[in-house]
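Positions are given from 1 along the sequence.
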Amino acid sequence: MTDETQEIRHDEESLAAIANLPKVELHLHHEGAAPPEFIRRLGEEKSIRLDGVFDADGGYAFSGFERFLRTYEAATAVLKSPEDFHRLTLALLEQSAENGVVYTESFLSPDFCGGGDISAWQDYLAAIREAAEIAERDMGVTLRGVVTCVRHFGPDQARRAARCAAETAGDFITGFGMGGDENQGALKDFAWSFDMAREAGLQLTVHAGEWRGPAEVASAVDDLRVARIGHGVRAAEDPALVEQLAEAGICLEVCPGSNVALGVYKRLADHPIARLRRAGVPVTVSTDDPPFFHTTMRDEYVNLARCFGWHAEDFTTLNRTALAHAFCDETTRAAIAKRLDTQ
Ligand code: ADE
Ligand code: ZN
């Protein structure tokens, strides 16, 4: 335990109240939210071999970021049709609802939904959207989509994803972003795609400062002009940059459980989330790829409460911050605000 952490002991009742809060999640990969049983069943139905994807306990097998990305892509290979994504969308939103999530954004990759072809992408998107409408009606969780390109697929493939995003921008597809291997390439090589998405009216986020240091976060702000940053936690190593993020109100989509599971930080106690928050950076909490990292939104909240001594009011503020930075229209924001206030 560092002197950061306060080891405040919550009683069971206050932890349960924190776990049960209504939640807003901004950083969730659609395929990365697939339960391993879901992927295994789909593989069996389609007779697709999934060698090396699962560990002995039936969870996803990987250690370290590069192997994580390989396992992720191997698992995703069973998702081959709009119908598969319809089923996946219902499965992941069911998990969100079980965790008290009332609003979530997920990263949708045209690369995994028709290989970047616009007309195939439209078919996949229609299926995802139909499932989201069912989930909203039956489970009370609202979904918006952030079209995402994959950094290690390169700038040309990113342009195809950006065209898919621009073509389908609207009340459901509200953002554009990029995930993948941050250690490859330079963010400025993707500026064309981000400019195109911005011109189509989409709001922007990019994974940066998960693996590379503060300079990558600065590049995200300067070269891609994003409103939010996926992770961004390594900005904490540069006090001037932290101040700049706070002043500009750039929101960090922080995924503490993911960072610990992938080894960005050894222990939650070493994580800079509390420091960033104290410095006035708009900080939010998400799960990234929950079944891969053996986490849920409830677990994230309980672990943060235990480690940093945060109370229910801290999480309520966190959720209001997330909603303020959500990529949704004002009618949706107002409706979700009511749900945060009344529960
Ligand atoms: N894709 C899915 N999860 C990711 C992560 N944590 N970082 C980068 N790309 C990802
Ligand atoms: Zn991510």
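- The distance from the CD atom of Gln184 to the CZ atom of Arg151 is 8.5 Å, given to the nearest 0.5 Å.
- Atom OG1 of Thr284 is separated from atom NE2 of His325 by 8.5 Å, given to the nearest 0.5 angstrom.
- Proximity of Asp171 to Arg129: side-chain heavy atoms (C-beta onward) are separated by under 4.5 Å at one or more points.
- Checking Asn259 against Glu210 by side-chain atom types alone, no donor-acceptor pair falls below 3.5 Å.
- Annotation for His294 and Asp299: closest pair O-OD2, 4.1 Å, computed over non-hydrogen atoms.
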Residues Thr205, Glu253; criterion side chain to side chain donor-acceptor pair (under 3.5 Å); working and verdict: CA-CA 9 Å; Thr205 176; Glu253 304 155 6; 2.7 Å; yes

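- Aromatic rings of Phe176 and Phe190 (six-membered ring for Trp) have centroids beyond the 6.0 Å cut-off, not under it.
- Contact check for Val242 versus Val281: side-chain heavy atoms found under the 4.5 Å cut-off.
- For the pair Asp55 and Tyr60, the minimum side-chain heavy-atom distance is 4.5 Å or more.
- Using modelled atom types, one side-chain atom of Thr71 and one backbone atom of Ala61 make a donor-acceptor pair closer than 3.5 Å.
- Under the 4.0 Å criterion applied to side-chain N and carboxylate O atoms, Lys46 and Glu83 are not assigned as salt-bridge partners.
- For the pair Arg41 and Glu37, the salt-bridge criterion is not met [side-chain N within less than 4.0 Å of a carboxylate O].
- Checking Tyr301 against Asn20 by side-chain atom types alone, no donor-acceptor pair falls below 3.5 Å.
- The aromatic rings of Trp310 and Phe315 sit perpendicular to each other, their planes meeting at more than 60°, with 30° as the lower class boundary.
- Put simply, the side chain of Val150 reaches to within 4.5 Å of the side chain of His152, judged on heavy atoms.
- Within a 6.0 Å radius of CD in Glu237, other residues, nucleotides and ligands contribute more than 12 heavy atoms.
- One distance of note links CG of Asp288 with NE2 of His207; it measures 5.0 Å at 0.5 Å rounding.
- With side-chain heavy atoms closer than 4.5 Å counting as contact, directly or through intermediates, the hydrophobic cluster containing Val146 also holds Phe107, Phe327.
- Hydrophobic clustering (side-chain heavy atoms under 4.5 Å, transitive across Ile, Leu, Val, Met, Phe, Trp, Tyr) keeps Leu224 apart from Met196.
- The two residues Val141 and Ala97 come nearest to each other via the heavy atoms CG1-CB, 4.2 Å.
- A donor-acceptor pair shorter than 3.5 Å cannot be found between the side chains of Glu25 and Ser96.
- Arg198 CZ to Ser193 OG: the interatomic distance, rounded to the nearest 0.5 Å, is 11.5 Å.
- Nearest heavy atom pair, residue Leu252 against residue Gly232, reads CD1-O, 3.9 Å.
- At least one side-chain heavy atom of Leu93 sits less than 4.5 Å from a side-chain heavy atom of Thr104.
- Note that CG of Leu21 and CG of Asp314 are 10.5 Å apart. Values are rounded to the nearest 0.5 Å.
- For Thr168 and Gln122, the side-chain atoms include no donor-acceptor pair closer than 3.5 Å.
- Heavy-atom minimum distance, Pro82 versus Asp123: CB-O, 3.7 Å.
- Because its NZ or CZ atom is not both nearer than 6.0 Å to the ring centre of Phe194 and within 45° of the ring axis, Arg225 does not count as a cation-pi partner of that residue.
- A donor-acceptor contact under 3.5 angstrom links the side chains of Thr89 and His30, judged on distance only.
- Taking a 6.0 Å sphere around CD of Glu133, one finds it holds more than 12 heavy atoms contributed by other residues, nucleotides or ligands.
- If you chain together hydrophobic residues whose side chains sit under 4.5 Å apart, Leu50 and Phe38 fall into the same group.
- Side-chain contact check for Thr295 and Glu300: at least one donor-acceptor pair (N or O, by modelled atom type) lies under 3.5 Å.
- For His311 (side chain) and Glu313 (main-chain N/O), no donor-acceptor pair under 3.5 Å exists by modelled atom type.
- Using a 4.5 Å cut-off between side-chain heavy atoms of Ile, Leu, Val, Met, Phe, Trp and Tyr, with links allowed through other members, Ile118 and Leu125 fall into different hydrophobic clusters.
- More than 12 heavy atoms of other shown residues, nucleotides or ligands fall within 6.0 angstrom of atom CZ in Arg333.
- Within the 3.5 Å criterion, the main-chain N or O of His10 finds no donor-acceptor partner in the side chain of Ser14.
- Under a 3.5 Å cut-off, the side chain of Arg339 and the backbone N or O of Gly140 do form a donor-acceptor pair.
- Nearest heavy atom pair, residue Pro22 against residue Val102, reads CB-CG1, 4.1 Å.
- Ring geometry for Phe65 versus Phe68: interplanar angle under 30°, hence parallel rather than tilted (30 to 60°).
- Residues Arg228 and Glu105 are paired through a salt bridge, judged by an N-O separation under 4.0 Å between the basic side chain and the carboxylate.
- His29 places a side-chain heavy atom less than 4.5 Å from the side chain of Tyr72.
- Defined by atom type and a distance below 3.5 Å, a donor-acceptor pair is missing between the side-chain atoms of Asp222 and Ser219.
- Both Val78 and Leu90 belong to a single network of hydrophobic side chains, linked directly or stepwise wherever heavy atoms of I, L, V, M, F, W or Y lie under 4.5 Å apart.
- Side-chain polar atoms of Glu31 and Thr76 form no donor-acceptor pair below 3.5 angstrom.
- The backbone N or O of Val101 sits nowhere less than 3.5 Å from a side-chain atom of Asn99 that would complete a donor-acceptor pair.
- Counting only N and O atoms by type, the side chains of His86 and Glu130 include a donor and acceptor under 3.5 Å apart.
- Side chains of Thr332 and Arg144: a donor on one and an acceptor on the other come within 3.5 Å.
- The shortest distance between side-chain heavy atoms of Leu92 and Leu28 falls below 4.5 Å.
- Note: Glu44 CD to Leu42 CG = 10.0 Å, rounded to the nearest 0.5 Å.
- Linking ILVMFWY residues whenever their side-chain heavy atoms come closer than 4.5 Å, directly or via other members, places Ile229 and Tyr265 in the same cluster.
- Within the 4.5 Å cutoff, no side-chain heavy atoms of Cys149 are placed close to those of Arg160.
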Intermediate values then yes/no, salt bridge (charged side-chain N to carboxylate O under 4.0 Å, His left out), Arg320 and Asp341: CA-CA 9 Å; Arg320 291 210 181 107; Asp341 286 344; 3.1 Å; yes

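- The 12-atom threshold is exceeded at CZ of Arg137, counting heavy atoms of other residues, nucleotides or ligands nearer than 6.0 Å.
- For the pair Arg159 and Trp192, the distance from NZ or CZ to the six-membered ring centre is under 6.0 Å and the angle to the ring normal is within 45 degrees.
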